[in-house]
Amino acid sequence: METQMLHIFRNTPLGRETLLQTSYFCKHLDILPVIYIPRYLKFLMYFENEVVQVDLDSSYLRSPDTARDHALQIVKNMGLPEPKFLEPKHFTASTLPDIPVDYDFMSCPRSISDLTSKIGLGYIGPRVRRIVHSARFPVLIPSSVFKPWKSLAVLFGGSANAVKTLRLGMRLSSISGLPLDVFTQEGRRKRGDYENIIQQEGLNTEMDKCVRNWRFFESRSLAENLYEVPDDALIVVGAYGHGLVKELLFGSTMEIVQSICPNSMLIVGPNYRALI
Amino acid sequence: MDDRLLLIAFGAVVGVCSGLAAVALYYGLVFMVEHLSVLREHWWVFVLPGIGMAVSSLFLEKVVREGAGHGVPEVVYSVSRHGGLLRLRSSFSRLISNCLTIGSGGSAGPEAPVIISGASIGSNIAKLFSLNERQRITLVGCGSAGALSAIFNAPVAGMVFTIEIIMGEWSAANVVPIAVASVAGAQITRLLRAPEVSFTHLSFNVDLTSTLASVGLAVVTAAVSIIFARALRYSHHFSDKIPLPVWIRAFIGGCLVGAIGLMLPGVLGEGYHSIGKMVEGAFAGGLGLMVLLVAAKILATALTLGWGGSGGIFAPCLVIGSFAGLMYHRFIDLLWPGLSWVNEGCYALLGMAGLISGTMHAPLTGIFLIVDITGRYDTILPLILVSALSTTICHVFEPASFYLRDLIEKGQYLKPRTDAKVLADMSISELVEKDCRTVPRNMLLGDFVKVVQQSHRDYFPVVDENTGEFQGMIHLNDIRPYLFDSVMYETVFLEQIMKINVETVDIHDELSDVLDRMDANGLFSMPVVSSNRFVGMISKATLLDRYRNELIVQTQH
């Protein structure tokens, strides 16, 4: 089945950078971009157990007459086939379209609802967090300026969801042919514990085959150690939260990473089902 | 815990919460009316509904960013299409906006806002406890029933309305929790406030003449229902075309309602006070005034709801219905003054049932609402006649109820356990058969024959060998004459014999549309193509096999 990535297009310079990043991602992973050019400032995404309303900032409706051509040009210049343009079929209300959620990936800027001027490092908007939390697909959060990435960096923390993230990283590495580095921040668990997890999950052979380097950070905090992550890597990181306390702390590692690293990030939420 | 017991327990909780939401709305309205009544003596009071509606629409659009309609269709849509998923904000947003609209004098009812509020509470409680889709839909129904039951103190009507309109089906698994929620909602309202619409102290002696005369009332209420439904739609479409911000439109609409209210104050607000006077038989005014009031209330409600106010049509239906009932009573009294008719209050009640039945296509709701608020069965015979006939007549002119019409027109209403619902719950991606072998367009027929020998399929998609784009299809039946002519094996390329301009399916197409296209073109399978790439085949046989499985799942409960 053809793999598809949903992209909400913003016809602005920032939107251009975001779509460039999406196109680059699609090109390396043989994914078809599906572009939605909004005609309304709101849309709904009905996930399995939650409905998320996305209130876009007004720049998403800018210059609708040139939006399609701009998007087409960006995608074609990246050497991709013609993208699919999404036209919503169902509406909860006349100005409130429902956007399908059966995609394999989605690309989102750090914030989708606030003005472009407010977007900077250190902030992931509440809508994007809810999409990450509810979606079955991973969410690509591109860097503010398009920068081609040349390797993948998985942050592996040892949990069951981190294993899913690692599997995704390995799969992306084998499709794209790009090297994969794994980074682990040691805490209560030590190096041997992580290696045991990999063994229990039957990932030893794949780790040997796909992973270029597995770095363990034994001292300093994660925030300090993130300096070691290559500047030209796509960071693959999980965002989890199960149980009441964890729900409150949902995505705390994701926040640390995105506030420190200017890299593009692929975030794997708690409801991610391996589609690729 | 047993599934049914679990749903009953959750139903009670949702009923209580919905009842509390209804009580909160009631006290909010009381507060607004009390504090704004001092302004009623000023000449400029007509702008009050305008201000209220403008603030209400600003609140919905800018503060809570609802972007949706009056409530009931959204609940029906969510049950029909999305397993009862509703936004948390809907549990309070319409309560506040409705309070602003009605409290300032807008002509609308509090029922639709309180229904969506209750439904949203049910949906979000289901989400909090990770209940499955079927259980969530039941809790949405519980919320709706609890809320309506609480706002009217009418538990049976709340339950029946939910099953007739919101759920669209009677099933044992749903009815019990919804009944419990309805009781819980009514009990909360009885504990915390005095019911506004209650006529348990009245009795009516309905004789044969009055029962027969109710047939005429059914015709009148049907006609008024049709006019009312069309006025609401026309007003909405008209205001949509005005190139002004929604809050300015709401302000203009509200001012017009206020202007009508200067002459006929009875049309303002939800109108329960007028209903009380009419049913008690204490409403003064002749036939002409009654006709004027029916027209004015229809106009005021159309302006309120069509131009940006927030509210429902339930209470306006009751008010217009009781005006229509009184109008009819005055009319027959004028025609046959010698005959003794039942008290005019009875006709007001019958008119209410007629309008609800006609506008909403919900005859049982109409009947049981009147039984609930009168607490007796005195009027049951004409009540059944008026409700049944009004619904039937309206159905001829307006094939769908006011709540469902837009959804049906857009193909978004899927009644449970129907063909459309079963098909909507399946997707093409689940049905695609991927074991098809693609063949390049420049393949020689001789090579193709070898491919056919190794395949169990009759269809072969042809693709461009360089771009991978889908080019056409080859069906064995179409090329049978060439297959046995070995002379052609080395001379004919597939691109020469393939069928181009083939009907294709997109992965996101609706299955009902795909089936319609298969039937129209006499096809048994179609290629699924996405961005000019062949994805797989979809066949009627696989579809019907999965259809049966889905039907079994949907009819298990």
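Note that the structure is a prediction, hence the values are computed from the model and not measured. Naming convention: chains lettered A, B, ... in sequence-line order (proteins, then strands); numbering from 1 in each chain.
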Looking at CG of B:Asp513 and NZ of A:Lys89, how far apart are the two atoms once the value is rounded to the nearest 0.5 Å? 7.0 Å
Can you check whether B:Glu74 reaches A:Thr92 side chain to side chain, under 4.5 Å on heavy atoms? yes
Between CD on residue B:Glu61 and OG1 on residue A:Thr95, distance to nearest 0.5 Å: 6.5 Å
Would you find a donor on one side and an acceptor on the other, under 3.5 Å apart, between the side chain of A:Gln53 and the backbone of B:Arg65? yes
Would you say CG of B:Asp240 has more than 12 non-hydrogen atoms from neighbouring residues, nucleotides or ligands within 6.0 angstrom? yes
Does CH2 in B:Trp247 sit with more than 12 non-hydrogen atoms of other residues, nucleotides or ligands closer than 6.0 Å? no
Where do A:Phe91 and B:Gln412 come nearest, in terms of heavy atoms and distance? N-NE2, 2.9 Å
Given heavy-atom pairs under 4.5 angstrom as the criterion, report whether the side chain, backbone, both or neither of A:Leu44 touches chain B. side chain
Looking at every heavy atom in both A:Asn49 and B:Leu85, which two are closest together, and how far apart are they? C-CD2, 3.6 Å
Taken to the nearest 0.5 Å, the spacing of A:Tyr46 OH from B:Arg87 CZ works out to 6.5 Å
What part of B:Glu510 lies closer than 4.5 angstrom to a heavy atom of chain A: side chain, backbone, both or neither? both
How far does CG of A:Asp98 sit from CZ of B:Arg81, to the nearest 0.5 angstrom? 9.0 Å
Sort B:Leu131 into side chain, backbone, both or neither according to what part of it lies under 4.5 angstrom from a heavy atom of chain A. backbone
Quick one: pull up CD in A:Glu50 and CG in B:Leu86 and give me the separation to the nearest 0.5 Å. 12.5 Å
Quick one: are A:Pro81 and B:Arg533 in side-chain contact, heavy atoms under 4.5 Å? yes
All side-chain contact (heavy atoms from CB on, under 4.5 Å) counterparts of A:Lys84, not counting sequence neighbours: A:Gln4, A:Leu32, A:Val34, B:Asp506, B:Ile507, B:His508, B:Ser530, B:Ser531
Highest number of heavy-atom pairs under 4.5 Å with chain A among B:Lys410, B:Arg136, B:Lys127 belongs to B:Lys127
Between the CD atom in B:Glu66 and the CG atom in A:Leu96, the distance rounded to the nearest 0.5 Å is 8.5 Å
